[in-house]
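The structure displayed is predicted, hence computed values, not measured ones.
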Amino acid sequence: MTATIPPLHRDYASLKCQPSPVPTQSQHGGMEECELPLIDLSGMKSRIPQVRQECAMSIAKASMEWGFFQVVNHGISLRLLRDMRREQVKLFDTSFEQKASCGILNNSYRWGNPTATSATQFSWSEAFHVPLEKMSDDSCFGDFISLRNVMEEFALAMSKLAKQLVGILAERVGQAETAFDDICDESTCFLRLNHYPACPISAEVFGLVPHTDSDFLTILSQDQVGGLQLRKDSRWVAVKPNKDALIVNIGDLLQAWSNDVYKSVEHKVMANAEMDRYSVAYFLCPSYESMIRSCREPSIYKSFTFGEYRKQIQEDVKNRGHKVGLPRFLAPVLSAAAGETSTC
């Protein structure tokens, strides 16, 4: 380990001393590899209505059946993606002490999983989880001056793409294209810069533990190392990297809002024994006060604010060691039925 890497091995070792199952090599390896549905967004700019409609239908179909898809011709330049990766690598290559203590990026640096109570809950990774509204603060970037302009340009481009995609999905269920404009803006959304260091115990530990995203929509720019896996038809499949594409996935809030039309799918990142992995994720989130209501009736879920949802997740992680998510917010009749089933 170099001085740039956080003490992941030490923290994991302390958790491993506690009796709990850990992922084995058989769980990590031998995974079926899949290619996500690939959508060419240039179709949305076509002058032919049928072409635009077919493109929108492909986005909706993938969101219903996979909860994930990838996009090309998305409007974000290769130059910007390369600049973002260069600045990201430069940031993570600084010393661990500097990342953890210098206040860079709104003190958003984190590593491992501070809430983990067992080895199965531990993530072999480090990240900066940055609110977009904080990027305008002069103190946010410290000595990383070149990072500021790139991150601001990148966030703006990702925001534009996210709103385009969520607008298309809203229209496909009979809602206004602008359905999320009033509750999702730079004051509520996030960028997450991820680094998964090469892991000497990759057979035992996750790069990022299985989870669903607690937002409306996530857009991911990843390198070619691979490691992303998702649940498809009750089994884990490995996502084949595509150097020309961005990955998009549905979050919990869009599943609840669409009344389960669109699926928020569990996914994870596997650790790699030999290679570092980098990615950047954009999270389209509402304000904490925003009410999440189903766009259809009868509603599967009761109405809740994003703040209530986040608070419940934090409580569940603290008390149970893992996120429960949307099942906590089932409508009363469905919740009661689920309770009766669980007693059998």
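- The backbone N or O of Gln98 lies less than 3.5 Å from no partner atom in the side chain of Thr94, so there is not a single donor-acceptor pair.
- For Arg86, the CZ atom counts as densely surrounded, since its 6.0 Å shell holds more than 12 non-hydrogen atoms of other residues, nucleotides or ligands.
- Partners of Asp215 by side chain to side chain donor-acceptor pair (under 3.5 Å), not counting sequence neighbours, listed by chain and number: Thr218.
- Without hydrogens or angle criteria, Ser258 side chain to Leu254 main chain gives a donor-acceptor distance under 3.5 Å.
- By the 30° and 60° cut-offs, the orientation of the rings of Tyr12 relative to Trp124 is perpendicular.
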- prompt: Should Glu308 and Lys311 be marked as a salt bridge (Lys or Arg N to Asp or Glu O under 4.0 Å) after you check the CA-CA gap, both sets of side-chain angles, and the distance that decides it?
  reply: CA-CA 5 Å; Glu308 290 170 341; Lys311 181 179 179 181; over 6 Å; no

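- Below 30°, between 30° and 60°, or above 60°: for Tyr278 and His195 the angle between ring planes is below 30°, a parallel geometry.
- Side-chain atoms of Thr115 and Gln121 include no donor-acceptor pair closer than 3.5 Å.
- Within 6.0 Å of CD on Gln50 lie no more than 12 heavy atoms contributed by other residues, nucleotides or ligands.
- Using modelled atom types, one side-chain atom of Asp40 and one backbone atom of Ser42 make a donor-acceptor pair closer than 3.5 Å.
- A 6.0 Å sphere centred on CE of Met291 holds more than 12 heavy atoms belonging to other residues, nucleotides or ligands.
- Using a 3.5 Å distance cut-off with no hydrogens or angles, the side chains of Asp185 and Ser187 do pair a donor with an acceptor.
- The local environment of CD in Glu274 is sparse, with at most 12 non-hydrogen atoms from other residues, nucleotides or ligands closer than 6.0 Å.
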message: Glu33 vs Lys240, test: salt bridge (Lys or Arg N to Asp or Glu O under 4.0 Å). Steps then yes/no.
response: CA-CA 6 Å; Glu33 191 173 56; Lys240 184 177 180 179; 5.1 Å; no

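- Two residues are said to be in side-chain contact when any heavy atoms from C-beta on lie closer than 4.5 Å; Tyr196 and Asn272 fail this criterion.
- Side-chain N/O atoms of Asn113 and Ser123 include no donor and acceptor closer than 3.5 Å.
- When the side chain to side chain contact (heavy atoms under 4.5 Å, CB included) test is applied to Asn242, the partners found at least two apart in sequence or on another chain are Leu38, Gln70, Asp244, Ala245.
- The backbone N or O of Ile48 lies less than 3.5 Å from a partner atom in the side chain of Ser46, making a donor-acceptor pair.
- A side-chain donor-acceptor contact under 3.5 Å links Lys99 to the backbone of Phe92.
- What you find for Ala281 and Leu220 is that their closest heavy atoms are CB-CD1, 4.0 Å.
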Side-chain donor-acceptor contacts of residues 164-178 below 3.5 Å, not counting sequence neighbours, with atom names and distances?
none

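- At a cut-off of 3.5 Å, with distance as the only test, a side-chain donor of Lys323 or Ser214 sits close to an acceptor on the other residue.
- Gln312 and Asp316 form a side-chain donor-acceptor contact under 3.5 Å, judged by distance and modelled atom types alone.
- Screening Asp260, Asn259, Asp252 for a side chain to side chain donor-acceptor pair (under 3.5 Å) involving Tyr301 leaves a single residue, Asp260.
- In the displayed structure, Asp143 atom CG is contacted under 6.0 Å by at most 12 heavy atoms of other residues, nucleotides or ligands.
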field: Stepwise salt bridge (Lys or Arg N to Asp or Glu O under 4.0 Å) check, Lys16 with Glu204
entry: CA-CA 10 Å; Lys16 194 177 179 183; Glu204 301 179 13; 2.6 Å; yes

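- You'll find the side chain of Ile59 stays beyond 4.5 Å of the side chain of Val248, heavy atoms only.
- Classified by interplanar angle (parallel below 30°, tilted 30° to 60°, perpendicular above 60°), the ring pair His267/Phe68 is perpendicular.
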